[in-house]
Amino acid sequence: MKGAEEAREIVQALRPSSQGFIVRTASEGAEPDEIRNDMEFLVRLWTHIQKKKESSSCPSSSTAI
């Protein structure tokens, strides 16, 4: 891969429409498969976080010290 602009184009083509990604200069020189794998990992992680948030309850204010 040539540079950050190419990385941005790959991310733009692959990203879910409901999500955004920040493309950093560290992605320069990365292969498209590396970027795709990173994105897939991040989407799975975010989905897991969202599900965990939905299934948890807020702490009770009566337990304050």
Side-chain angles (χ1 to χ4, degrees):
M1 176 149 30
K2 297 289 188 257
E5 185 59 37
E6 189 174 353
R8 275 191 222 86
E9 290 172 7
I10 291 169
V11 169
Q12 186 66 20
L14 297 175
R15 75 176 180 83
S17 61
S18 62
Q19 296 178 336
F21 289 85
I22 296 172
V23 179
R24 301 188 49 123
T25 55
S27 65
E28 289 185 41
E31 294 297 322
D33 284 342
E34 292 176 279
I35 294 173
R36 181 180 300 108
N37 290 340
D38 286 347
M39 289 177 63
E40 289 172 354
F41 168 76
L42 292 169
V43 168
R44 282 193 313 274
L45 179 62
W46 183 247
T47 301
H48 175 75
I49 291 168
Q50 292 295 91
K51 285 180 182 178
K52 193 165 190 160
K53 180 191 86 164
E54 291 169 4
S55 66
S56 64
S57 60
C58 295
S60 172
S61 61
S62 63
T63 59
I65 298 175

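Positions are given from 1, in the same order as the sequence printed here.
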Could you tell me which residues satisfy side-chain contact (heavy atoms from CB on, under 4.5 Å) with Glu54, sequence neighbours excluded, listed by chain and number? none
Would you mind writing out the side-chain donor-acceptor pairs for residues 14-24 within the sub-3.5 Å range, not counting sequence neighbours?
| from | atom 1 | to | atom 2 | distance (Å) |
| --- | --- | --- | --- | --- |
| Arg15 | NE | Gln12 | OE1 | 3.4 |
| Arg15 | NH1 | Gln19 | O | 2.6 |

Which atom pairs, one a donor and one an acceptor, fall under 3.5 Å between side chains of residues 37-52 and the rest of the protein, sequence neighbours left out?
| from | atom 1 | to | atom 2 | distance (Å) |
| --- | --- | --- | --- | --- |
| Asn37 | ND2 | Asp33 | O | 3.2 |
| Thr47 | OG1 | Val43 | O | 2.8 |

